[in-house]
Amino acid sequence: MAATESVTINTLPGNGAGSGHAHFGRLLVAEWTKLRSVRSTYWSLITVVLAFPFFSWLIPFLIAHNWNQADPGSRAQVLQDPVSTIIGVGIDLGQFGIAVLGVLVMASEYSTGMIRSTVLASPRRVRMLAAKSVVFTLLALVIGEIVSFVAFFIGQLTFKSVLTVNLGAGTNLREVVGAGLYLGMLALFSMVIGALIRHPAGAITGVVLLLLVISNIIQLIPGAAGKYLYSYEPTNAGAAILTNHTSDKFLLTAWEGYAVFAGWTALLWVLAAWLLVRRDA
Amino acid sequence: MIEVRDLVKRYGATTAVDHLSFTVQPGRITGFLGPNGAGKSTTMRLILGLDRPTSGSALIEGKPYRDLPDPLRHVGALLEARAVHGGRTAFNHLLYLAQTQGVPKRRVQQVLELVGLQPVANKRTKGFSLGMSQRLGIAAALLADPRILILDEPVNGLDPEGIVWIRDLMKALAAEGRTILVSSHLMNEMAVTADHLVVVGRGRLQADMPVAQFIAQFSGSAVLVRSPQLETLRAAVAEKGWQCTPSGQEGAVVVTGTTAPELGELAAARGLVLHELTPQRASLEEAFMELTREVGQFAHRAPGQPEPADAPVPGQYAPPSGQPDAGFTAPGAPGAGAGQPRGGNDGGH
Amino acid sequence: MSTITDTRSTLTGLTPLPPASGRAGFGGALRSEWTKIRSVKSTVWTLAAAIIISVGISTLGNWGQASHTSLSAADLARRDLVQRSMFGIMLGQLVMVVFGALAITSEYATGMVRTSLTAQPRRLHVYFAKLVIVTVIAFVVGEIISFASFLIGTHFWATKGVDLSLSSHGALQAVIGGGLYLDGAALLAFGVGAALRHTAGTITVGVFLLFVVSIIVNFMPDSWQADIDKYLPANAGGQVWATQHTADVGTAFGAWAGFAVYICYAVIALLAGLLVFKRKDA
Ligand SMILES: Nc1ncnc2c1ncn2[C@@H]1O[C@H](COP(=O)(O)OP(=O)(O)O)[C@@H](O)[C@H]1O
Ligand SMILES: [Mg+2]
């Protein structure tokens, strides 16, 4: 135990000088520290970093292995959109790592009570949310792009014996870049859901339900209403950027879809910011 | 300086803070005292801008908390010590707080050393004992060298050495001219720590005065007297307008509203024999319990009493019955029950 | 006085305790787990959500399909309308995973597990008491979901001239099976939760096992799919709430064989959870 006389630890230089509001750069650094200092970040990201490229090897490997026995229908499917074949399963799985992490980034502040420390340090709550959003989205985006390209090249190599997939051909590049963009936006989207629901289990359930179930079953709704709901559901819209063939129920182009996903995210972000300011921490 | 002005906070049907006003002056330790559920923590959260007041305001250096630039450089707070991410190390917990305020990394090590957590700086906080968490919370509060400290029950879970340490720490910081608001539900703890008291019960202000004044006002003027002529003495006491209460002992009563010399002189004047004449200094704890008893949220039954007891336990000091709440506010304050008694603020000393 | 029997003791006025019967028994453990689970908001919410979401989606789905189908009554009758009527189970299973997970992981998140194990140091008692309570609650809620979904669904199909009732071929088994399937999802998550002690991780693993593995297998060559597909938890367990046992690729299990395979996954998870619960420091 330190002796009492050391109480007066050195006064901070420039204290009380009023250096203006905690500037945004500092909040970014602090949020980065938070993100890198808990294990769930690593666990979640490892899921993406390992699973995504692994399946981008496995699926092409299995297909190549069976290429000569496969019926023309399945071959045509692969040939129509080889990139989607390479990255499809990997991203279907990898996205859960990102989504769970996104939810935890915000909801665990509430479940641990740490939100109080956070808000004491930056009482301008919207700035805090903005800093968190920037740091986490950038991280997910960078990792997403790297992993997408790595996954693509792995798949490309694995397919080599039976078909050539050229990054420059058709919409291939857009699909690969799009995979990273999709993961980045999904990260922010999930984080916002975490901020709205504030309960890790509840928010994860919500995001997973949306990704796995709701996004699929709304296409069962008959008529034009079903087509609109299916197309404008945030994750369906966002995933349009990952393929060059969408079902006839899908009404948007790839970039329109991504814009819709971004629009949803922005809308919910504003709602989350408003609630963050209004609700007791 | 902290100013709390007519603060109200309701959670649904519960009124946690009820028209509370007081100020906390620099250069001294202000004890924020009240039984469990009195609204101390809520008031602190309102001061810190964590919760939104239903009405009223709380200002720090004349500003709402959220308008403070680099707030941790102005105010250090310890709320629930457990409210940290258990998976993060103590060092990293302090580091991100430091980074928001532009506090150098070196200082994180220094405060960890100060609170004695150096050896576990790189351990995840999940395994910390309550006392260790408390020390981490104190480290966070001191991190950015704040001029104001708000500590919610800081001695919770600390070992005796830790309690003495935090008490000395607060005194030293107050002596440097910092403002310190520290809550507790223990009067005795506050009596040896605080210079000034703000007492709340059920969210309402009960007293706002220097500790010395509180002691003088609430723990004097009761005398135990033993006499073979008890009945005659009772009559004489009643004539003077003083009160007799049973002492719980054979042949003795407690007289309130007077002092030992006065009572001795009365007995001499009447020619009464006294076998004992002892001033009763009721403990501060009793005074505090008495003060908040009527408003206590979680009234306890006295040990050994099968029925809830409204009457004070015989043999204990009780204030004169004709003098309800009004006696518990500082001189110059309007009577309690008016909703918001102004405290006897002595403006520092 | 060796025991405190004096009525004037400090705790006078409280209900006198019955004589201590030795060790805290299984009955007490059961009762306390029941109290714990019903007094927590998140459990009650989760179960309410399971019912509302599942029955709601079943209702909407059947209404939509029945009112837009172009198939004749005879064609419809050849479909597995019983399973289709309980369509909401697809979502409900996820919420049941959350329930099963929270039943055990929330004790770790709050540190309450220490209190539980102080009150009842025999960990197997605590584990099995929890397990029994979770099983029973999930069963009841599961059956509510399957019966409500089915009964509402029959109404929509009746407007199309298809006569469905519990006495239809295989219907009773499938409807009871719907509840059993949901129960199994909760148990699987409970076991994983006991092993991982982390809410988010447990839900993720549950989702992976019930949903995601089928996505992967879908991309495998048909010859592999034929061998693997029917063993996947959702496919094997799915048979118990179906009246027709067919698969896109290869063959499917019968109702109870499939259910047995499905329950095997839960049992493996529960055993893993048991080991961790018994061995590791709380
Ligand atoms: N977030 C909340 N929601 C509902 N009631 C609350 C909340 N916080 C505090 N209360 C209630 O307000 C009252 C005061 O609580 P608190 O400020 O914690 O008291 P103290 O710190 O003096 O023990 C209590 O009755 C408590 O139950
Ligand atoms: Mg408190």
Side-chain angles (χ1 to χ4, degrees), chain A residues 39-40 43-44 47 51 54-55 58-67 69-71 74 78 85-86 88-97 99-101 103-104 107-108 111-112 194 199-214 216-218 220-223 225-226, chain C residues 41-43 45-46 49-50 53 57-58 60-70 84 87-99 101-102 105-106 109-110 193 196 198-208 210-225:
Chain A
R39 282 198 197 169
S40 51
W43 277 112
S44 314
T47 323
F54 173 73
F55 286 102
L58 181 67
I59 303 302
F61 171 77
L62 295 173
I63 292 174
H65 189 77
N66 278 275
W67 192 252
Q69 292 96 287
D71 59 286
S74 0
V78 174
T85 310
I86 291 171
V89 177
I91 206 157
D92 270 352
L93 290 171
Q95 66 177 346
F96 290 103
V100 168
L101 180 58
V103 163
L104 287 181
S108 74
S111 66
T112 59
H199 190 294
I204 288 176
T205 313
V207 172
V208 169
L209 271 179
L210 192 68
L211 280 173
L212 273 179
V213 192
I214 297 173
N216 284 318
I217 63 171
I218 48 177
L220 299 178
I221 297 169
Chain C
K41 245 208 266 179
S42 63
T43 328
W45 270 105
T46 310
I53 291 177
I57 292 294
S58 294
L60 284 177
N62 282 280
W63 169 68
Q65 290 192 317
S67 52
H68 280 77
T69 185
S70 52
R84 193 165 293 182
F87 177 64
I89 286 178
M90 293 305 292
L91 284 94
Q93 61 180 329
L94 181 58
V95 189
M96 288 308 239
V97 163
V98 176
F99 165 70
L102 282 178
T105 56
S106 67
T110 57
L196 294 188
H198 189 281
T199 311
T202 304
I203 296 174
T204 311
V205 171
V207 168
F208 182 83
L210 288 175
F211 290 87
V212 183
V213 279
S214 9
I215 305 181
I216 304 170
V217 173
N218 248 330
F219 279 83
M220 293 186 175
D222 284 358
S223 56
W224 298 30
Q225 265 190 59

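Protein chains get the first letters and strands the later ones, always in sequence-line order, with residue 1 at the start of each. Note: hydrogens, waters and symmetry copies are ignored here, and every other heavy atom, side chains too, is used.
To the nearest 0.5 Å, atom CG of residue A:Leu211 and atom CZ of residue C:Phe211 are 11.5 Å apart. In this structure, the separation between CG on C:Leu102 and OG1 on A:Thr205 is 7.5 Å, given to the nearest 0.5 Å. If you take CD1 on A:Ile217 and CG on C:Leu91, they are separated by 4.5 Å, rounding to the nearest 0.5 Å.
With a 4.5 Å cut-off on non-hydrogen atoms, C:Thr46 does not touch chain A at all. Only the side chain of C:Ile57 comes within less than 4.5 Å of a heavy atom of chain A; its backbone N, CA, C and O stay farther away. Only the side chain of C:Ile203 comes within less than 4.5 Å of a heavy atom of chain A; its backbone N, CA, C and O stay farther away.
Closest approach of C:Ala200 to A:Val100, counting heavy atoms only: CB-CG1, 4.1 Å.
Inter-residue side-chain proximity for A:Ile204 and C:Thr199 is flagged as unmet; no heavy-atom pair is nearer than 4.5 Å. Contact annotation: the side chain of A:Leu212 approaches that of C:Val207 to within less than 4.5 Å [non-hydrogen atoms, C-beta and beyond]. A:Thr47 has its side chain out of reach of C:Thr204: every pair of non-hydrogen atoms, C-beta onward, lies at least 4.5 Å apart.
By the side-chain hydrogen bond (donor to acceptor under 3.5 Å, both in side chains) test, A:Ser74 is found to be paired with A:Asp71, residues two or more places apart in sequence or in another chain being considered.
Sparse packing is recorded around CH2 of A:Trp43, with 12 or fewer heavy atoms of other residues, nucleotides or ligands lying under 6.0 Å away.
The candidate with the highest count of non-hydrogen atom pairs below 4.5 Å against chain C, out of A:Asp92, A:Leu93, A:Ile214, A:Thr112, is A:Leu93.
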